[in-house]
Amino acid sequence: MSPVSDQSGTTGASYAAAGVDIEAGDRAVELMKEWVKKAQRPEVLGGLGGFAGLFDASALKRYERPLLASATDGVGTKVDIARQMGVYDTIGHDLVAMVMDDIVVCGAEPLFMTDYICVGKVHPERVASIVKGIADGCVLAGCALVGGETAEHPGLLGEDDFDVAGAGTGVVEADRLLGADRIRTGDAVIAMAASGLHSNGYSLVRHVLLNQAGLALDARIEEFGRTLGEELLEPTKIYSLDCLALTRTTEVHAFSHITGGGLAANLARVIPDGLHAIVDRSTWTPAPVFDLVGRTGRVERLELEKTLNMGVGMMAIVPSESADAALATLADRGVDAWVAGEITDRGEHTTGAELVGDYAV
């Protein structure tokens, strides 16, 4: 049937005229297929393009009592740095880290992930680049990318605006579930170094460095050894396989993924009533980017610490006698880690975790 026209010959409304380009969306799917193929597991059935991703759950029969773990997250306003830089293949990596490193905290093995990309206008190569980053991240996390959705929202988002979100699923044997009930007085708190700011606190970072100080993303910052934009787009470290390796080689009581809210608040989430985690700042030196944000915005230390990770992306709580073995495993995997604190009785403390001392210079 032909488009409806009035007597003047004017063509009626269409989806394309409203700003949605179906053909561009189809091209984006074709471009991303090669990347999705790289982020697979043997349990995945079917291919890209179906209405739902399929995962063969019979693979879970090897578990006595399998518990499924799920998480969902986004990348936050870090996407605006990517937009301004015109670099899109790192944001997907960040997305996987935010989702799968939450899942591994309970000891779960990441299984599969789906994504949602919302854009003002579909630029096929741009969407494919984002998906490439997601697929690369899934490989690093050991999970499959089984599906996703790209939505075009003209009129709500500008042509260059976009956002990303994702959801993931993992599995853990019930009797190997990690968490607060395993933690004991005297346990060691092991810190694993962050790759940078990761994907939290960017509203503060952008406000201080770009809006207040007026720094340019292409400005070279000597203490970084690269441009400001390159530093801010440094991908979030994915710890999933490192954490799983730790559970196989030594006893682990709990993990804490250091994201929004900072180190102390996230660590407190896994500390049981009656116990307290003390983390010594003097055991590490935060990367220069944290100092730059603090100095430039005259941000108080406590404000920085409840917003940014301050150089620690993941923490493991292990028996004190297992600390050396844990550090050896992480070192073998190329993860910079150290004993940063210990678990004590709660006493008169009102919170589950605190930072003490001053950062090493």
Side-chain angles (χ1 to χ4, degrees), residues 36-48 50-75 92-117 131 134-149 164-183 199 236-261 266-267 269-272 313-317:
V36 176
K37 287 179 182 178
K38 296 181 179 180
Q40 295 297 301
R41 288 174 55 114
E43 303 94 340
V44 176
L45 303 178
L48 188 66
F51 285 93
L54 298 175
F55 190 91
D56 186 356
S58 67
L60 305 184
K61 289 181 179 179
R62 70 179 186 271
Y63 291 84
E64 290 292 327
R65 185 188 169 199
L67 302 180
L68 294 180
S70 66
T72 186
D73 210 337
V75 180
H93 185 125
D94 291 305
L95 180 63
V96 176
M98 290 297 98
V99 173
M100 288 306 177
D101 283 346
D102 274 356
I103 283 176
V104 81
V105 161
C106 67
E109 174 190 359
L111 295 177
F112 58 85
M113 182 166 175
T114 58
D115 64 67
Y116 178 77
I117 303 171
V131 173
I134 297 173
D136 288 343
C138 285
V139 171
L140 292 174
C143 67
L145 180 59
V146 298
E149 175 73 9
V164 295
T169 299
V171 62
V172 60
E173 189 70 73
D175 63 6
R176 295 184 64 83
L177 184 69
L178 304 181
D181 61 327
R182 291 178 178 261
I183 297 175
S199 298
T236 304
K237 182 168 177 57
I238 297 175
Y239 301 93
S240 303
L241 296 184
D242 302 315
C243 290
L244 291 178
L246 210 55
T247 65
R248 292 192 296 267
T249 59
T250 190
E251 183 178 356
V252 178
H253 289 166
F255 291 113
S256 177
H257 187 196
I258 310 305
T259 58
N266 280 287
L267 183 56
R269 294 167 65 180
V270 299
I271 304 301
M314 181 72 76
M315 305 198 88
I317 299 175

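All heavy atoms count here, side chains included; hydrogens, waters and symmetry mates do not.
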Any chance you could measure [X], atom [atom1], to [Y], atom [atom2], to the nearest 0.5 Å?
X	Y	atom1	atom2	answer
Leu140	Asp136	CG	CG	7.0 Å
His257	Asn266	NE2	CG	8.0 Å
Thr114	Leu145	OG1	CG	8.0 Å

Quick check: closest heavy atoms across [X] and [Y], and the distance to 0.1 Å?
X	Y	value
Met100	Pro110	SD-CB, 3.5 Å
Ala254	Ile183	CB-CD1, 3.8 Å
Ala71	Ile103	CB-CG1, 3.7 Å
Gly170	Ala108	C-CB, 4.2 Å
Cys143	Phe112	CB-N, 4.0 Å
Ile238	Ala97	CG1-CB, 3.6 Å

Any heavy-atom pair between the side chains of [Y] and [X] that's under 4.5 Å?
X	Y	answer
Met113	Leu95	yes
Val252	Ile317	no
Val105	Leu178	no
Met314	Phe255	yes
Asp115	Glu149	no
Leu68	Leu60	yes

Sequence neighbours excluded, which residues qualify as side-chain contact (heavy atoms from CB on, under 4.5 Å) partners of [X]?
X	answer
Leu67	Arg65, Val172, Ala174, Leu177
Asp73	Met98, Val99, Asp102
Ala180	Pro272
Glu251	His253, Pro319, Ser322

Legend entry - Any donor-acceptor N/O pair, Thr249 side chain to Ala245 backbone, under 3.5 Å: yes

[X]: side chain to side chain donor-acceptor pair (under 3.5 Å) partners, not counting sequence neighbours:
X	value
Asp101	Ser240
Tyr63	Glu109
Arg176	none
Ser256	none

Legend entry - Arg269 CZ: over 12 foreign heavy atoms closer than 6.0 Å: no

Inset, instruction - Answer with yes or no whether the side chains of Thr169 and Ser70 bring together a donor and an acceptor at under 3.5 Å. - result: no

